[in-house]
Amino acid sequence: MSGFPSDSELSQLSTPLLGTVLAVQANFYQVQLDVGLGNTSENPKIAESAECNKHSNNPKSKIQNPKLLCTRRTRLKKIGQRVMVGDRVLVEEPDWEGGRGAIAEVLPRKTQLDRPPVANADQILLVFALVDPPLDPYQLTRFLVKAESTGLGICLCLNKRDLVSDEELEEWTSRLKDWGYKPLFISVHNHQGLEELSNQLNHNITILAGPSGVGKSSLINQLIPDVNVRVGEVSGKLSRGRHTTRHVELFDLPAGGLLADTPGFNQPDIDCTPEELTQYFPEARHRLATRRCQFSDCSHRDEPNCAVRGDWERYEYYLDLLEEAIAWQEQLNQQADPESTLKAKTKGKGHTQYEPKLETKKYRRRSRRTQQQELEQLYQEAEEL
Ligand SMILES: Nc1nc2c(ncn2[C@@H]2O[C@H](COP(=O)(O)OP(=O)(O)OP(=O)(O)O)[C@@H](O)[C@H]2O)c(=O)[nH]1
Ligand SMILES: [Mg+2]
Ligand SMILES: [Zn+2]
């Protein structure tokens, strides 16, 4: 007999193992185990597995924690326990040579996002470009509102600072200060601001979001030198980048922390109530912190003695998004009312259209929906925009 423990001895030694789900593919889950090098020194097979996963070309990269391709225990399937990217899981029966394992339990989630489907995220890293494509304040507002609606921390990063003057930076700084945000200016090309950004990402699960072509994939490639995410060119007359990012996946940052790239999309839906919407504008939040509107259900449009209405830059955007929030609220009310046969569909900027409800189809679709379908739907939606 060799001095190495057998597989069964190994699995007894080390199970259950705690890990984080980095990627979901059909019914397989890529799990990165917490076991670090310290523990693996006594466990040559774990060390080997960690070694295989190591980024090979970069001499500076640390040895990665071992990763196993896992299935989900039947018991979890039976109770309908979903496993998401970002989930903390217990893995049983690791097969170190085959790189396989089985997820036996999903630990309670700190946070959960459905679009993109990520568990335990701490913050959203919103990336926009200062130019190319041009920084559109309305589009930025939609993304900010969407990010605010998650309740997660927001880190706003403006890329391509190599292409703009100091004056332009100052203008954006003061403009965004009035909005209630302090952006981090970076240039992926010139490596500017990346250290400060890395510090913000450390020890966190961060979701990267932003429109197409702003440099999200370029940023990931810069932060994780061997990952090679596809970088597209900003294409065509519309200065819209191609949708080159296809998977929701957590990347392990060499400096610590996990980062999820999401498919680029241009116009996030506003699916919140009017009341919630107010809270997603820092300007409105601040106004309401010191004053009250006369009416408790004030929509802050034309009601008398409104504390929110005023000459702040994004007030017009608030009014615009309010139309969508009202449409969303109506849709919710109609869904709650079984007599109703119409459902509201928001078309572009504040135009609400009613169409027949397709209840059975919708119901069927939901009951059959698998994670893969959800992911595919996400990609499809991103493609369609
Ligand atoms: N000048 C300049 N160009 C940049 C910078 N960062 C990225 N780019 C360019 O911007 C273009 C788009 O970059 P990507 O990284 O593909 O953008 P993305 O956000 O991942 O786009 P999607 O995957 O479509 O969502 C590429 O041509 C990059 O080379 C930068 O800091 N400065
Ligand atoms: Mg990309
Ligand atoms: Zn008001």
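Both counts, for ligands and for their atoms, begin at 1 and track the order of listing.
Of all atoms in ligand 1, listed by their number and element, those nearer than 4.0 Å to a heavy atom of Lys216 are 15 (O), 17 (O), 18 (P), 19 (O), 20 (O), 21 (O), 22 (P), 25 (O). Atom numbering of ligand 1 starts at 1 in the shown order; those under 4.0 Å from a heavy atom of Ser218 are 7 (C), 13 (O), 14 (P), 15 (O), 28 (C). Close approach of ligand 1 to Asp162 (heavy-atom distance below 4.0 Å) involves ligand atoms 1 (N), 2 (C), 30 (C), 31 (O), 32 (N).
In summary, Ser217 places an N/O/S atom under 2.8 Å from the Mg ion (ligand 2), meeting the contact criterion.
Heavy atoms of Asn159 found under 4.0 angstrom from ligand 1 belong exclusively to the side chain.
Taking any N or O of Gly215, backbone or side chain, at least one lies under 3.5 Å from an N or O belonging to ligand 1. Considering both main-chain and side-chain atoms, Leu163 never comes within under 3.5 Å of ligand 1 through any nitrogen or oxygen pair.
Comparing His189, Gln222, His191 against atom 30 (C) of ligand 1, the shortest heavy-atom distance belongs to His189. Looking at Ser217, Ala209, Ser212, Pro133 and measuring to atom 20 (O) of ligand 1, the nearest heavy atom belongs to Ser217.
In Glu196, the CD atom is not crowded: 12 or fewer heavy atoms of neighbouring residues, nucleotides or ligands sit closer than 6.0 Å. The number of heavy-atom neighbours closer than 6.0 Å to CD of Glu195, taken from other residues, nucleotides and ligands shown, is 12 or below.
Remark: side-chain polar atoms of Asp114 are not paired, donor with acceptor, to backbone N or O of Pro117 under 3.5 angstrom.
When rounded to 10 degrees, the angle formed at the Zn ion (ligand 3) by SG (Cys306) and ND1 (His300) equals 110°. Geometry note: the Zn ion (ligand 3) is the vertex, Cys298 SG and Cys293 SG are the arms, and the angle is 110° (rounded to 10 degrees).
Between Arg314 and Asp178, none of the side-chain N atoms (NZ, or NE/NH1/NH2) sits under 4.0 Å from a carboxylate O, so this pair counts as no salt bridge. A salt bridge links Glu93 to Arg73: at least one charged side-chain nitrogen sits closer than 4.0 Å to a carboxylate oxygen. Asp122 and Lys110 are joined by a salt bridge, as a carboxylate oxygen and a charged side-chain nitrogen come within less than 4.0 angstrom of each other.
Hydrophobic cluster membership differs between Leu107 and Val31, with clusters built from Ile, Leu, Val, Met, Phe, Trp and Tyr side chains linked at under 4.5 angstrom.
Using modelled atom types and a 3.5 Å distance limit, the side chains of Trp179 and Glu313 yield a donor-acceptor pair.
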